[in-house]
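Because the structure is predicted, anything quoted here is derived from the model rather than measured. What's counted below: heavy atoms across the whole structure, side chains too, no hydrogens, waters or symmetry copies. Every chain is numbered from 1 and lettered A, B, ... according to where its sequence line falls, protein lines coming before strand lines.
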There are 2 protein chains.
Amino acid sequence: MKTIKNLKDKLLEEEIRKSVEEAWPLFIDFLKEKKARVTQARKIVLTQVFSRHDHFCADDLAAALATGPNHVSRGTVYRTLALMEEAGFVRVIRDTDVHAHYEHTYKHPHHEHMVCDACGDFIEFEDPKIIQHIEQACRDEAFIPRTHRLVVFGKCSKCSKAQKPA
Amino acid sequence: MKTIKNLKDKLLEEEIRKSVEEAWPLFIDFLKEKKARVTQARKIVLTQVFSRHDHFCADDLAAALATGPNHVSRGTVYRTLALMEEAGFVRVIRDTDVHAHYEHTYKHPHHEHMVCDACGDFIEFEDPKIIQHIEQACRDEAFIPRTHRLVVFGKCSKCSKAQKPA
DNA sequence: ATTACTGCAAAGCATTTGCAAATGC
DNA sequence: GCATTTGCAAATGCTTTGCAGTAAT
């Protein structure tokens, strides 16, 4: 069972090996530029990231590395993931802001949000066309939508004006 | 300073009073239907919700009610907020799933997500038109986008098939 | 009189952090 | 050799929960 691997697994392994082989040098470049160190732990985390399916959560990954020969501590996993995000190798799906925000719904139809990175302000906007496209996408996937959430992160007009070009 | 209120404040107060006056009976209906009880604490939370600006977070609201004559405990605030969400008076902006999910970015362009309420599966989709509309909306608001996140919640084709009409 | 709701404080959970020891440069 | 990283465990911050007392039906 363990010695015999089917073709699919072999291909997957090959794929992973290739991604790591390509990404690791890029990560090294990133670290060097940042004057950060190229460490064993960082390579292990990067490898583990690429060994996982498309979507994973930090804690699962940390759990996988909690024991065994490639042991990396939880703290380091989180720290490295943050680095990898900065380097552009991973993307966080639910963004970092920990606490949930609420808004009134009473006489307040659905709309989308922009959140300013600098001041945290919420800007509301609406676009029926976006909703139409979402609905179409759901039809294409035979997905039955219940609701959706669209948030654009960036800089609001006030903050981008305040911070003049360096 | 305290006795003299300007016009804007007066109008705002009026607005709030009206919303509460309209929403409270609806919440009562909701509670009755659910065979839940109509309590003082629930009215206080509802009032507080409508007294706040469009966006607020649970904890701030709880803090506001932690002391004073309209004292409601943190636990009750969270419980009532959940009820109000169920009743459709408020909407949560960052959804409930606590832990952040990551995904590879390496050779994996930006795309949107559908998440199945039932099985938790992530479905990826892409729609350049949606992105165009987002960009247009940002231009309209003079908002400088850095990135965005679009998640559609609902039921995937597998799960909606599995659960035949009752 | 029942039974649900509330307050409180304690538990939970994902994530972050402080610090001594280890490692890369 | 010196500075950065790591591991560990403790701290954090938001949210949930258990339970005994309180209030609504």
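If you measure from atom CG of A/Asp60 to atom P of C/dC13, you get 14 Å, rounded to the nearest angstrom. To the nearest angstrom, C1' of C/dC5 lies 13 Å from CZ of B/Phe27. Between B/Ile28 atom CD1 and D/dA24 atom P the separation is 13 Å, expressed in whole Å. Look at CG on B/Leu81: it is 16 Å from P on C/dC5, rounded to the nearest Å. To the nearest angstrom, C1' of D/dC14 lies 14 Å from CG of B/Leu61. Rounded to whole Å, the distance from CG on B/Asp59 to P on D/dT16 is 11 Å.
We find that A/Arg74 and A/Asp59 are joined by a salt bridge, their nearest charged nitrogen and carboxylate oxygen being less than 4.0 Å apart. B/Glu112 has no carboxylate O lying under 4.0 Å from a charged side-chain N of B/Arg149, or vice versa, which leaves the two without a salt bridge.
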Show me, pair by pair, the donor-acceptor contacts under 3.5 angstrom made by side chains of residues 36-46 of chain B, not counting sequence neighbours?
residue	atom	partner	partner atom	Å
B/Thr39	OG1	B/Arg42	N	3.3
B/Arg42	NH1	B/Arg37	O	2.7

Handout entry: Steps toward ring pair (Phe, Tyr, Trp, His ring centres under 6.0 Å) verdict (A/His113, A/Phe125)
Key = CA-CA 6 Å; A/His113 294 95; A/Phe125 72 100; 8.2 Å; no
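For B/His55 and A/Tyr102, the ring centers are positioned 6.0 Å apart or more.
Paired with A/Gln136 under the rule side-chain hydrogen bond (donor to acceptor under 3.5 Å, both in side chains), one option of A/Gln132, A/His133, A/Arg139 passes, and it is A/Arg139.
Pair assignment for C/dC13 gives D/dG13, based on Watson-Crick or G-U wobble hydrogen-bonding distances that are each under 3.5 Å.
For D/dT16, neither phosphate oxygen OP1 nor OP2 lies less than 4.0 angstrom from any side-chain nitrogen or oxygen of B/Tyr78.
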Exercise for the section: If a protein heavy atom is under 4.0 Å from the base, mark B; if only from the sugar-phosphate, S; if neither, -; do that for nucleotides 3-10 of chain D going 5' to 3'. Expected result: BBSBBB--
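Taking for each of B/Cys57 and B/Lys32 the nucleotide of DNA chain D with the nearest heavy atom, the 5'-most of the two is the partner of B/Cys57.
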